[in-house]
Amino acid sequence: MNYPDLILHIDCNSFYVSCLSSFDPSLIGKAVVVLSNNDGNVIARSALAKAMGIKMGVPFFKVKHLVKKGKLIWFSSNYELFGDMSNRVMNVLRRFSDQVEIYSIDEAFVGMQGYSNVNYMQLAHQIQQTIYRCTRIPVTVGIGPTRTLAKLANKMAKKDPDLYGICKLDSWEQISTTLQEMEVGDLWGIGRRYEETLHEYGIKTACQLISCPDEWIKNRLTIVGLRMIHELRGERRFRLSNLPKASKSVMVAPSFGQPITDLSIIEEALATHIARATEKIRRQSLAANLVTVVIHTNHFRIEEPQHHASQTVSLPYPSNSVSEITHYATSLLRILYKKGYSYRKVGVLLSGLTPDTQCQTQLLVAEPDVRIRKVTDMIDRINLKHGQDTIRFANQGFRNKVWYSKQERKSKCYTTRVQDILQVS
DNA sequence: TCTGGGGTCCTAGGACCC
DNA sequence: TCTGGGGTCCTAGGACCC
């Protein structure tokens, strides 16, 4: 196996927790967790919290007793802070290469094609140090001939403390030793269902899986799984792309802070979610052709009557306007809503996204109103400057509504809000 | 008492057309 | 009486990811 260039995979350690300890160093070395929206589940854990056996995704109430005993510190999510810290990390990476593909909020791939005489171990070390110096976020680096192998290397870097957070897999001997030791369920792309299926066939290790015939793999794991296996064998199947991908759909569907039965309150929540969703697509200069509304009761409360429903409407022309989309979505909601149920969430999904410069209008259908666009632009600018929902539509209701998600311990927006920045310094 | 949210891609099957 | 086949598009559902 001989590659002119390798791929690096950079992964932030306990990213959300690290973002918080970056501004509150007293958290370092403690058991800290960050919770999902509505303070429902654990979605990030410090090293100590992991060592205490707190699993990813566990409902918070199951570990709350540790908080009472003073053994665990918790925070609500703060995506404004996490998103901004993520941008900072990615910007540091761009100093090292022009091939940076952002994979998720806390992960990126870096390509070095065209750079000569790269010393990868040294580069990984520099990346680690620079990111830490600039953001106080610790990262691990995996290096390999393909994206999948770089990701695998990163897993090893996290597992083995002797590697100090950097692992390079570039010879077939190293790769094959690693694959022999790795359980099939630990592979990227093998989830619980696929793991079960593979176990039924007696396939336990990654090494066994890559030895299976392509046809067999494709039949069971689809073309997606087969591509991953090719990459594990060292064949490149993915190109890095440093261009941000345009969204194909945008969903906003947070749970209510408490069960809601009243249609008018649900309408208000929906209008607010639509304000969030349309902001997101406007920021990408997109417009939606399809609007889906979903409504759910709490499926964990099996003793209560359940109602889950969704419906989609095709818009007469692509739109990213709150008022237009709310108009259609509210009609859908009124069809879906049934009296007498305790609802847990309402959500909106915008799909069939197209660039809003190319909004095609159908024949015999009214043109989008340019005045709406102008008003929306102005509202966006004011809200950007003065804070979300400073100006909002009346159907979004007033602030501090009963349906708001719980967020009892939200950290400050240390990097993006003037008042929070001033309090820190 | 308290159980997340937001995405992507693939496949199978049905509708429809010629 | 015998009753095709291929292509496309759409949708629902299932799998995965972080």
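Proteins get letters first, then strands, A, B, ... in listed order; numbering begins at 1 in each. Predicted model only: the values in this text are computed from it and were never measured.
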At under 4.0 Å between heavy atoms, what does A:Ile190 touch on the DNA or RNA strands: base, sugar-phosphate, or nothing? sugar-phosphate
Using whole Å, what does the distance between atom P of nucleotide B:dT3 and atom CG of A:Asn37 come to? 13 Å
With nearest nucleotide decided by heavy atoms, which residue, A:Met251 or A:Lys406, maps closer to the 5′ end of DNA chain B? A:Lys406
A:Val250 side chain: which of B:dG5, C:dC18, B:dG7 is closest? B:dG7
Round to the nearest Å and state the distance from A:Leu35 atom CG to B:dG4 atom C1'. 10 Å
Indicate yes or no: does A:Glu196 engage A:Arg192 in a salt bridge with an N to O separation below 4.0 Å. yes
Between atom CZ in A:Arg192 and atom P in C:dA15, what is the gap in whole Å? 9 Å
Answer yes or no: does a side-chain N or O of A:Arg227 lie under 4.0 Å from OP1 or OP2 of B:dC9? no
Distance check needed: B:dG6 C1' versus A:Arg283 CZ, whole Å only. 14 Å
Report the distance from atom CZ of A:Arg220 to atom C1' of C:dC16, rounded to the nearest whole Å. 19 Å
A:Tyr103 side chain: which of B:dT11, C:dC17, B:dG6 is closest? C:dC17
Students often get this wrong, so: under 4.0 angstrom with heavy atoms, is A:Leu187 touching a base, only sugar-phosphate, or nothing? sugar-phosphate
What's the closest nucleotide to the side chain of A:Val252 if the choices are B:dC9, B:dG6, C:dC16? B:dG6
Hey, mind stepping through A:Ser321 and A:Ser323 against side chain to side chain donor-acceptor pair (under 3.5 Å) and telling me if it holds? CA-CA 6 Å; A:Ser321 132; A:Ser323 55; 3.2 Å; yes
Please work out if A:Asp39 contacts a base, only the sugar-phosphate, or nothing of the nucleic acid, heavy-atom cut-off 4.0 Å. nothing
Between A:Met56 and A:Ala246, which is nearer to the 5' end of DNA chain B once each is assigned its nearest nucleotide? A:Met56
Cationic N near anionic O, under 4.0 Å, A:Asp39 to A:Lys64: no
Are side-chain N/O atoms of A:His307 and A:Tyr337 paired as donor and acceptor at under 3.5 Å? no
So, OP1 or OP2 of B:dG5: does either fall under 4.0 Å of a side-chain N or O from A:Lys345? yes
Roughly, in whole Å, what's the span from CZ in A:Phe60 to P in B:dG4? 14 Å
Take A:Trp188 and A:Tyr103 through the test ring-ring contact (aromatic ring centres under 6.0 Å, His included) and record every step on the way to the result. CA-CA 13 Å; A:Trp188 191 27; A:Tyr103 178 71; 5.5 Å; yes
Given atom CH2 of A:Trp74 and atom C1' of B:dG4, what is their separation to the nearest angstrom? 14 Å
So, is A:Ser247 close to the B:dG7 phosphate, meaning a side-chain N or O under 4.0 Å from OP1 or OP2? no
When you measure from the side chain of A:Phe61, which nucleotide among C:dC17, B:dG6, B:dT3 comes out closest? B:dT3
Ring-face cation contact, A:Tyr201 with A:Arg220, 6.0 Å cut, 45° max: yes
With both distances under 3.5 angstrom, what nucleotide forms a Watson-Crick or G-U wobble pair with C:dG14? B:dC9
Respond yes when some side-chain nitrogen or oxygen of A:Ser255 is under 4.0 Å from OP1 or OP2 of B:dG5, and no when none is. yes
Considering only heavy side-chain atoms of A:Ile223, the closest of C:dC18, B:dT3, B:dC10 is B:dC10
Rounded off to whole Å, could you give me the NE2-to-P distance for the A:His9 and C:dC17 pair? 13 Å
Any idea which of C:dC18, B:dT3, C:dC16 is nearest the A:Asn41 side chain? B:dT3
Selection from B:dG4, C:dA15, B:dG7 that lies nearest to any side-chain heavy atom of A:Arg344: B:dG4
Taking C:dC18 as the reference, what is the distance to B:dT3 when you measure between their P atoms (whole Å, please)? 25 Å
Run the salt-bridge test on A:Glu279 and A:Arg276 with the 4.0 Å N-O cut-off and return the result as yes or no. yes
Taking B:dT8, B:dG6, B:dC9 as options, the one with an atom nearest any side-chain atom of A:Val224 is B:dC9
If you compare every side-chain N and O of A:Lys248 against the phosphate oxygens of B:dG6 (OP1, OP2), does one of them come in below 4.0 Å? no
